[in-house]
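Shown next, in structure tokens, is the structure this report addresses.
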Amino acid sequence: MMGHSQAVAALVLALSFSSGASTCHGQSTGEASTGPTAPLPEITLPGVDTSSLMPREKREWTARVTELLAPCSDVPVSIAQCVQEKRRCGKCVPAAKFIAKMVRDGMSQEQIELGYHARFDSDKLKSVDVGKAPFKGPEGAPLTLVEFADFECPYCALMSPVLEKTWEQHSRDLRYVYKFMPLSGHPHGEISARAAIAAMDQGKFWEMHDKLFANRDHLEPADLDLYAKEIGLDVARFHADAESQATTDVIAADRKQADALQVQGTPTIYINGREFDVRQDLDEWIAQELGPDARGGGRAGGGGAPLAAPLAPTPSTAPRPSSSGAPAAPAAR
């Protein structure tokens with residue numbers, strides 16, 4: 001069942017797609033799908049529920065899974081044939097489901113193909129150095145999620161509770177890493193990032209992280225001082241650390257890394273080196289990466305205090321990414 005935060009995120013996401021609302025991230029404009037000249041016979045694949053697709057969508061899905069090759073390089077057949085013949089490629093059923101969701105979301109043929117290759121092609125994996133960034137979860141976790149975010153970005157705020165719930169559900173298997181990417185279009189983005197780094201220097205990054213996102217519309221210097229006091233920081237040291245060269249270097253290093261990765265806006269998320277498509281379901285993406293043996297429980301690291309036991313699992317629906325100025329939104333990361 002979807003929690004309140006996820007429902008809010010899903011609603012905003014739906015509105016952004018339907019109304020063309022601006023985000024803190026540039027939006028692509030795919031060409032309209034043309035489809036095959038002669039309709040293919042509709043197919044049914046075991047393990048793939050397409051009952052929610054309209055007849056036109058079912059034909060579009062049939063065309064895509066029939067034309068696109070299976071995601072395993074040693075299985076040179078279509079996705080559909082891979083599933084039907086139960087070929088030795090565990091990614092074929094997830095690939096067919098992935099395409100069904102993109103079709104249902106109204107994506108064009110070009111967008112579907114680009115999304116499919118981004119999700120499953122091995123050459124789309126990138127090296128994302130965690131470095132000394134704040135994180136929570138085991139250092140040796142099988143899954144590492146790295147988020148580039150801005151504390152004043154409304155879409156980062158919507159994503160924050162989604163990521164938190166996901167981490168709570170998989171906290172023994174998932175390392176959740178935060179990277180600082182304050183955007184020029186957000187006047188309080190950098191001072192908020194500096195406040196978070198200064199809090200990290202006193203072992204309370206996640207406490208400040210939560211304060212900043214919970215008060216995204218109140219990020220003036222006086223507000224930041226108040227939050228520092230509320231979480232028990234040495235305020236004089238907080239001021240010094242926030243303005244230090246070391247803090248400047250942390251932000252510069254994260255920005256340089258974001259540039260190298262060609263990050264276009266916030267939030268941008270990498271899961272084991274693959275960029276997460278925010279139009280997809282985060283829980284399904286995580287589950288596919290982890291396999292059937294995911295566990296719960298974990299602890300904080302990288303400057304964060306130990307966290308409480310994880311909450312009950314909650315499905316996640318992600319909000320749209322963002323890039324400079326954007327409409328106001330609920331607070332969070």
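All residue numbers in this chain count up from 1 along the given sequence. None of the values given here were measured: they were computed from a predicted structure.
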Open item on the list: Working note: E42 + R59, criterion side-chain contact (heavy atoms from CB on, under 4.5 Å); need CA distance, chi angles, decisive distance, verdict.
Closed with: CA-CA 6 Å; E42 291 186 3; R59 291 192 295 272; 3.6 Å; yes
Task: Residues W61, V48; criterion side-chain contact (heavy atoms from CB on, under 4.5 Å); working and verdict - done: CA-CA 11 Å; W61 174 78; V48 184; 3.8 Å; yes
TODO: Go through the steps to decide whether E220 and H188 satisfy the test side-chain contact (heavy atoms from CB on, under 4.5 Å), and finish with yes or no.
DONE: CA-CA 7 Å; E220 297 294 339; H188 304 93; 2.8 Å; yes
Open item on the list: Test disulfide bond (SG atoms under 2.5 Å apart) on C72 and C89; report intermediate values, then the result.
Closed with: CA-CA 6 Å; C72 297; C89 177; 2.0 Å; yes
Task: Verdict with supporting geometry, D105 and K101, salt bridge (charged side-chain N to carboxylate O under 4.0 Å, His left out) - done: CA-CA 6 Å; D105 288 344; K101 185 179 188 305; 2.9 Å; yes
Task: Step-by-step salt bridge (charged side-chain N to carboxylate O under 4.0 Å, His left out) determination, E60 to R104 - done: CA-CA 10 Å; E60 174 75 9; R104 189 168 58 247; over 6 Å; no
TODO: Begin with the C-alpha distance, continue with both residues' side-chain angles, and end with the deciding distance and a verdict on side-chain contact (heavy atoms from CB on, under 4.5 Å) for L233 and M208.
DONE: CA-CA 10 Å; L233 299 184; M208 180 61 81; 4.1 Å; yes
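In terms of hydrophobic clustering, with Ile, Leu, Val, Met, Phe, Trp and Tyr side chains grouped at heavy-atom distances under 4.5 Å, Y270 and L114 are assigned to different clusters. When hydrophobic clusters are built by joining Ile, Leu, Val, Met, Phe, Trp and Tyr residues whose side-chain heavy atoms come closer than 4.5 Å, directly or via intermediates, I271 is grouped together with L290. I43 and I99 fall within a single hydrophobic cluster, where Ile, Leu, Val, Met, Phe, Trp and Tyr side chains are chained together by heavy-atom contacts under 4.5 Å.
In this structure, C92 and P71 have side chains that are in contact, with non-hydrogen atoms separated by less than 4.5 Å. Residues L69 and I79 fail the side-chain proximity criterion, which asks for heavy atoms closer than 4.5 Å. Within the 4.5 Å cutoff, the side chain of L174 has heavy atoms near those of the L145 side chain. Residues M181 and V263 have side chains in contact (heavy-atom distance under 4.5 Å, counting atoms from C-beta outward). A heavy-atom distance below 4.5 Å is found between the side chains of T266 and L183. In this structure, the side chains of Q169 and I286 stay at 4.5 Å or more apart for every pair of heavy atoms. No side-chain heavy atom of L226 sits less than 4.5 Å from a side-chain heavy atom of D223. In this structure, the side chains of Y155 and V278 stay at 4.5 Å or more apart for every pair of heavy atoms.
The CG atom of D49 sits 10.0 Å away from the OG1 atom of T44 when rounded to the nearest 0.5 Å. Atom CD of E113 is separated from atom CG of L68 by 5.5 Å, given to the nearest 0.5 angstrom. Taking NZ of K165 as the reference point, atom CG of L282 lies at 13.5 Å (rounded to 0.5 Å). Taken to the nearest 0.5 Å, the CD atom of Q280 stands 10.5 Å off from the CD atom of Q288. Separation of atoms CZ (F98) and CG (D277) is listed at 5.0 Å; rounding is to 0.5 Å. The line from CZ of F151 to CD of E190 is 12.5 Å long, rounded to the nearest 0.5 Å.
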Please list, one pair per line, the donor and acceptor atoms closer than 3.5 Å that link side chains of residues 245-258 to other protein atoms, with sequence neighbours excluded.
{"from": "Q245", "atom 1": "NE2", "to": "D249", "atom 2": "OD1", "distance (Å)": "2.7"}
{"from": "T247", "atom 1": "OG1", "to": "D241", "atom 2": "O", "distance (Å)": "2.5"}
{"from": "T247", "atom 1": "OG1", "to": "S244", "atom 2": "OG", "distance (Å)": "3.2"}
{"from": "T248", "atom 1": "OG1", "to": "R194", "atom 2": "NH1", "distance (Å)": "3.3"}
{"from": "T248", "atom 1": "OG1", "to": "R194", "atom 2": "NH2", "distance (Å)": "2.8"}
{"from": "T248", "atom 1": "OG1", "to": "S244", "atom 2": "O", "distance (Å)": "3.3"}
{"from": "D254", "atom 1": "OD2", "to": "F180", "atom 2": "N", "distance (Å)": "2.8"}
{"from": "R255", "atom 1": "NH2", "to": "P182", "atom 2": "O", "distance (Å)": "3.0"}
{"from": "Q257", "atom 1": "OE1", "to": "K179", "atom 2": "NZ", "distance (Å)": "3.0"}
{"from": "Q257", "atom 1": "NE2", "to": "D129", "atom 2": "O", "distance (Å)": "2.9"}

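Remark: side-chain polar atoms of E152 are not paired, donor with acceptor, to backbone N or O of R216 under 3.5 angstrom. For the pair K91 (side chain) and A70 (backbone), a donor-acceptor distance under 3.5 Å is absent. No donor-acceptor distance shorter than 3.5 angstrom exists from the side chain of Q84 to the backbone of C82, with no hydrogens or angles considered. The backbone N or O of C156 sits nowhere less than 3.5 Å from a side-chain atom of S160 that would complete a donor-acceptor pair. Between the side chain of D234 and the backbone N or O of R237, at least one donor-acceptor pair lies under 3.5 Å. With W167 contributing its side chain and K136 its backbone, the two residues share a donor-acceptor pair below 3.5 Å. Of the possible polar contacts, none joining the R64 side chain to the V103 backbone as a donor-acceptor pair under 3.5 Å is found.
T66 meets the side-chain hydrogen bond (donor to acceptor under 3.5 Å, both in side chains) test with no other residue; sequence neighbours excluded.
When all heavy atoms are compared, the tightest approach of P142 to N272 is O-ND2, 3.1 Å. The nearest pair of heavy atoms linking I231 to A199 is CD1-CB, 4.4 Å. For the residue pair Y227 and H218, the shortest heavy atom distance occurs at OH-O, 2.8 Å. Closest approach of P267 to M159, counting heavy atoms only: CG-CB, 4.1 Å. Of all heavy-atom pairs spanning A100 and L53, the tightest one is O-CD2, 3.8 Å. For the residue pair M107 and I112, the shortest heavy atom distance occurs at O-CD1, 3.6 Å.
A salt bridge does not link E207 to K211: none of the charged side-chain nitrogens sits closer than 4.0 Å to a carboxylate oxygen. Ionic pairing of R119 and E289 is present here: one or more N-O contacts between side-chain nitrogen and carboxylate oxygen are shorter than 4.0 angstrom.
Aromatic ring pairs are classed by plane angle as parallel below 30°, tilted from 30° to 60° and perpendicular above 60°; the pair F276 and W285 is perpendicular. Aromatic ring orientation, Y178 versus F205: tilted (interplanar angle from 30° to 60°).
In the displayed structure, K86 atom NZ is contacted under 6.0 Å by at most 12 heavy atoms of other residues, nucleotides or ligands.
Side chains of D123 and H117: a donor-acceptor N/O pair is absent below 3.5 angstrom, by distance only.
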